[in-house]
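Structure first, then comments.
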Amino acid sequence: MTTLGWLSMAATLGLVLLLAKPLGEWMARIYDGRPGVLGPVLGPVERFCYRASGIDPTSEMGWRSYMIAALAVNAVGLVAVYAFQRLQGVLPLNPAALGGVEPFSALNTAVAFASNTNWQGYGGETTMSYLTQMMALTVQNFLSAATGMAVLVALARGFARRESSAIGNFYADFVRSTLYILIPLALVLALALVSQGVVQTFAPAVTATVVDAGVDADGAPVTEQTIAVGPVASQIAIKQLGTNGGGYYNANSAHPLENPTPLSNLLELLAILLLPAALCITFGRLVGDVRQGWALLVAMTVLFIPLAAGMYAVEAAGNPRIAALGVDASAGYDAPGGNMEGKELRFGVPASAYWAAATTAASNGSVNAMHDSFTPLGGMIALFLMQLGEVVFGGVGSGLYGMLMFAVVTVFIAGLMVGRTPEYLGKKIEAYEMQMASLAVLFPCAIVLIGTAAAVMLPAALASRANPGAHGFSEILYAFTSMGNNNGSAFAGISANTPFYNLAGAAAMFASRFWVLVPVLALAGALAGKKAIPTGPGTLPTDRPLFIGFLVAVVIIVGALTFVPALALGPVAEHLSLWSMR
Amino acid sequence: MPALARNDSMKEPTMRTSLWTATRLVVVLTILTGVVYPIAVTALAQTLFAAQAKGSLVRGADGTVVGSRIVGQAFDDPKYFWGRPSATGGGPYNAAASGGSNLGPTNPALIEAIQGRIEALQATDPGNAAPIPVDLVTASGSGLDPHIGPAAADWQVGRVARERGVDEATVRALVGRYTEARTLGLFGERRVNVLLLNLALDDKAAVAQAAADALVTPAATLGGLPERWNATDVP
């Protein structure tokens with residue numbers, strides 16, 4: 001561990017928190033229908049979207065209509081992604097002449113991108129045509145993120161409105177999220193990334209004559225290097241901003257053409273946490289009390305900092321079995337040190353560890369280093385951040401609505417302690433709200449544990465492990481943790497492109513995303529119909545350190561109670577064996 | 001979904017009408033975000049940052065592409081600096097199929113692979129007893145890492161100088177030229193671009209220039225290792 005490493009991590013997080021406020025305020029104005037300077041430019045495009053689709057953006061929806069609209073848009077998107085993959089062989093913009101993707105893999109990928117998971121059972125540059133990358137995958141990166149944002153805004157209206165049967169218009173929230181927030185940010189970020197070296201071209205792969213001819217895996221001479229290129233920057237920008245994480249290349253953001261410099265890495269890292277953090281402020285504004293938004297953001301940050309710091313500490317400590325070979329793994333001014341297997345030199349350990357924490361805290365799932373080769377405890381921190389339910393920043397929109405479910409549970413527990421009816425943001429929390437919040441909190445946990453248990457009992461699923469021993473179990477646990485919480489990162493050694501993982505994974509991702517969306521919107525509808533109750537002397541203030549601490553504790557306790565036994569079988573067991581030198 | 005579509009106070013659209021609306025909206029947004037947006041980014045990128053957008057390609061004297069300055073290449077000739085080990089499919093540094101080894105930290109295959117790399121490096125320079133920096137024996141995440149750390153380059157300076165019959169100071173001066181600093185002195189690692197360094201080694205004019213530089217500047221400030229002022233040993 002170096003001072004510079006700690007400083008670089010602190011600066012990266014500081015920048016996110018610094019940008020959260022202005023961006024959050026700006027988004028709140030957009031959802032209020034005041035797009036500001038972007039209005040004159042994009043207003044006509046917005047109105048065109050409504051006209052072409054026959055939408056009246058001013059008509060209010062109840063929660064059921066809102067849910068149906070959200071599910072319909074995602075269902076159509078899912079079918080489109082599937083169709084593009086199956087048909088890419090006969091569609092244009094396919095210079096590498098890639099064939100159609102096989103059905104199970106195509107289904108898994110379609111669900112993965114529609115559910116904002118972006119689990120990738122395939123290698124991007126060897127599987128997807130330019131057209132599929134653009135018109136299927138990039139599009140879903142926008143639309144799945146916009147869905148999460150819309151649902152969050154609907155939930156905010158549920159808290160803000162009184163005795164109302166409506167929670168807004170899904171299509172309007174969805175189109176505004178895409179047009180005024182995601183597209184402008186993605187455009188700016190994409191160009192900044194190209195300036196650093198991320199490719200953006202429709203030309204076919206480049207063939208280079210290598211300097212030092214060698215041999216390939218079969219012993220055949222190699223004199224050329226084929227460099228896969230494509231419309232990369234446009235996809236990478238939205239993949240990070242929308243907490244999608246689906247890379248253009250197999251190596252994701254470890255690939256130098258996806259993430260070429262420490263500056264591109266910093267920009268992508270900012271983008272991972274930026275919208276989930278800023279949406280806390282947006283939420284505070286929309287419910288009329290920005291301090292409530294800050295409280296949620298502080299709770300997320302309090303959960304994040306020790307886990308990110310722990311990740312750096314364990315990765316910097318390195319692998320004792322490699323050190324035992326006489327290798328110099330000490331970090332210094334001119335040497336990265338630490339556990340460098342699977343990591344890129346330009347990022348070193350701090351930026352790789354911070355990324356691993358950020359991408360699993362947010363349900364982003366892109367990687368700039370291979371998590372499968374992390375130390376056991378590093379892998380465990382990544383697993384645990386996902387197992388907390390993707391609420392530490394979490395997905396765009398979905399992270400905050402997940403955290404709000406925990407807030408509801410927290411005020412309920414606090415209410416039980418003092419024997420008062422719990423309330424949150426001026427709304428009474430009653431049995432129905434608790435049921436909905438519990439469903440949303442517990443459902444992903446069940447998916448993860450049931451999926452993992454099923455996989456370890458099936459020989460075909462066990463055969464997918466790439467590493468022996470406890471680490472092999474961790475690979476399976478990681479796969480279902482990632483898909484069951486819509487993260488998308490992987491212990492990538494696992495051969496996930498098999499019928500079992502493609503189908504079970506698709507089911508897990510689909511259920512986790514869309515099943516949770518239903519109780520959240522039901523809760524929004526129920527809250528909107530309630531009267532506001534005035535704050536009294538017995539009200540638990542939910543913008544104070546006491547509540548923040550309580551919320552953090554509830555999140556950790558639910559996650560730990562559910563997953564510590566599984567973690568003990570995988571990463572903890574591996575850690576103990578790693579450091580007991582034999 | 002008839003149960004969901006029952007009418008209460010508000011007009012509830014059915015799943016069927018919603019699907020039709022959704023289809024039209026997805027088509028419009030697919031054109032916006034899947035066609036207009038990537039084409040706009042491409043047009044702007046090719047105008048503002050043409051070299052980067054095409055892959056930061058490096059051309060030889062005869063104009064042929066010899067690589068990308070940000071994509072590593074395999075080197076196994078002792079007269080060149082070697083880069084990070086690569087675990088890409090089908091052989092090292094395959095830029096059409098990126099990826100890491102995904103070997104877990106307790107996997108015996110990882111330790112064996114590293115042992116093999118140590119032996120291969122030591123075989124090229126039997127007199128070099130210095131411990132090998134970890135980045136030189138561990139595979140990168142992409143398998144295409146264009147860089148090694150300055151310490152990893154320094155470990156190889158003696159061998160490359162001897163193989164080429166050039167002064168170590170000259171080689172150090174070249175390493176110094178292809179060493180990139182941390183961004184703002186803070187982000188990322190100090191790193192040496194292996195492909196560019198090796199191209200310069202093959203370039204007589206660049207070597208002559210480096211030899212001249214080495215005469216006027218102490219080697220320590222060019223490629224040598226400054227004191228590790230920021231290292232804190234981990235217990």
Side-chain angles (χ1 to χ4, degrees), chain A residues 2-4 8 49 52-53 62 64-65 68 72-73 76 134-135 139 142 190 194-195 197 199-200 208 210 212 214 216-217 225-229 231 234 249-251 254-256 260 262-263 317 319 327-329 332-336 340-342 345-346 348 369-370 372 467 471 492-493 578, chain B residues 4 9-10 12 18-19 22-26 28 30 33-34 38 41-42 45 49 52-53 55-56 64-65 67 70 73-75 77 80 90-91 95-96 98-100 102 104-107 111 131 133-135 138 140-142 145 147 149-151 183 186-189 191 225 228 230-231 234:
Chain A
T2 62
T3 315
L4 271 186
S8 68
C49 290
S53 323
R64 287 190 195 85
S65 307
I68 289 173
V73 163
V76 173
M134 276 166 59
M135 288 190 67
V139 170
F142 280 99
V194 175
S195 80
V199 289
Q200 179 72 26
V210 298
D212 182 14
D216 69 9
Q225 184 183 42
T226 303
I227 304 172
V229 296
S234 54
Y249 295 104
N250 185 47
H255 197 297
L263 182 57
N319 184 334
V327 169
D328 180 3
Y333 184 66
D334 267 331
M340 283 301 288
E341 180 71 23
L345 195 281
R346 60 195 177 282
M370 295 302 133
D372 216 347
N467 284 283
H471 196 87
L578 177 65
Chain B
L4 292 174
S9 60
M10 222 166 317
E12 297 270 355
S18 294
L19 273 178
T23 306
R24 289 155 71 186
L25 183 59
V26 169
V28 173
T30 297
T33 60
V41 173
T42 310
F49 311 108
Q52 293 97 313
S56 308
T64 55
V65 174
I70 54 177
Q73 284 184 14
F75 290 96
D77 189 322
Y80 288 114
S98 57
N102 287 314
T106 50
N107 193 329
I111 308 305
V134 66
D135 46 316
T138 47
S140 63
S142 63
D145 196 336
H147 301 113
T183 301
L186 183 60
F187 297 103
E189 295 288 331
R191 55 207 187 276
L225 293 180
R228 295 183 172 184
N230 64 338
V234 181

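Lettering of chains follows the sequences in order, A, B, ..., and the numbering in each one begins at 1.
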What's the separation between atom CG in Asn467(A) and atom CG in Asn107(B), rounded to the nearest 0.5 Å? 4.5 Å
May I ask you to test the Val41(B)-Pro231(A) pair for a side-chain heavy-atom distance under 4.5 Å? no
If we define contacts as heavy-atom pairs under 4.5 Å, which of Pro131(B), Ala74(B), Ser56(B) has the most with chain A? Pro131(B)
What part of Ala369(A) gets closer than 4.5 Å to chain B, counting heavy atoms only: side chain, backbone, both or neither? neither
Could you measure the distance from the CD atom of Glu341(A) to the CG atom of Asp135(B)? Nearest 0.5 Å is fine. 12.0 Å
Is the closest side-chain heavy-atom distance between Arg346(A) and Ser140(B) below 4.5 Å? no
Which atom of Pro150(B) lies closest to which atom of Asp334(A), heavy atoms considered: CG-OD1, 3.0 Å
Between Gly91(B), Gly104(B), Pro133(B), which shows the greatest number of heavy-atom pairs under 4.5 Å with chain A? Gly104(B)
Nearest non-hydrogen partners of Gly90(B) and Asp216(A), listed with the distance: O-CB, 3.3 Å
Is Val28(B) close to chain A through its backbone or its side chain, or both, or neither, when contacts mean heavy atoms under 4.5 Å? side chain
Heavy-atom closest pair, residues Gly141(B) and Ala254(A): C-CB, 4.1 Å
Run the side chain to side chain contact (heavy atoms under 4.5 Å, CB included) test against Gln73(B) and tell me which residues pass, sequence neighbours left out. Val210(A), Val211(A), Gln225(A), Phe75(B), Leu195(B)
Option that, when pairs with chain B are counted at under 4.5 Å, heavy atom only, ranks first among Ser53(A), Ala251(A), Ala52(A), Ala208(A): Ser53(A)
Using 0.5 Å steps for rounding, measure from the OG atom of Ser18(B) to the CD1 atom of Ile68(A). 5.5 Å
Taken to the nearest 0.5 Å, the spacing of Thr106(B) OG1 from Asn319(A) CG works out to 8.5 Å
Separation between CZ of Arg24(B) and SG of Cys49(A), rounded to the nearest 0.5 Å: 12.5 Å
What closest approach, in Å, do Pro262(A) and Arg191(B) show between heavy atoms, and which atom pair accounts for it? CD-NH2, 3.2 Å
Any idea which heavy atoms bring Met340(A) and Val134(B) closest together, and the distance? CG-CG1, 3.9 Å
Apply side chain to side chain contact (heavy atoms under 4.5 Å, CB included) to residues Leu4(A) and Leu186(B) and explain how you reach the verdict. CA-CA 6 Å; Leu4(A) 271 186; Leu186(B) 183 60; 3.7 Å; yes
Enter the distance from Ser142(B):OG to Leu345(A):CG here, rounded to the nearest 0.5 Å. 10.5 Å
Shortest non-hydrogen pair, Pro38(B) vs Ser234(A), comes out as CB-OG, 3.8 Å
Can you list the residues that meet the side chain to side chain contact (heavy atoms under 4.5 Å, CB included) rule with Thr30(B), with sequence neighbours excluded? Met135(A), Val139(A), Val26(B)
Tell me, for His471(A) versus chain B, whether the close heavy atoms (under 4.5 Å) come from the side chain, the backbone, both or neither. side chain
Which of the residues Gly342(A), Ala228(A), Pro260(A) is involved in the greatest number of heavy-atom pairs with chain B at under 4.5 angstrom? Gly342(A)
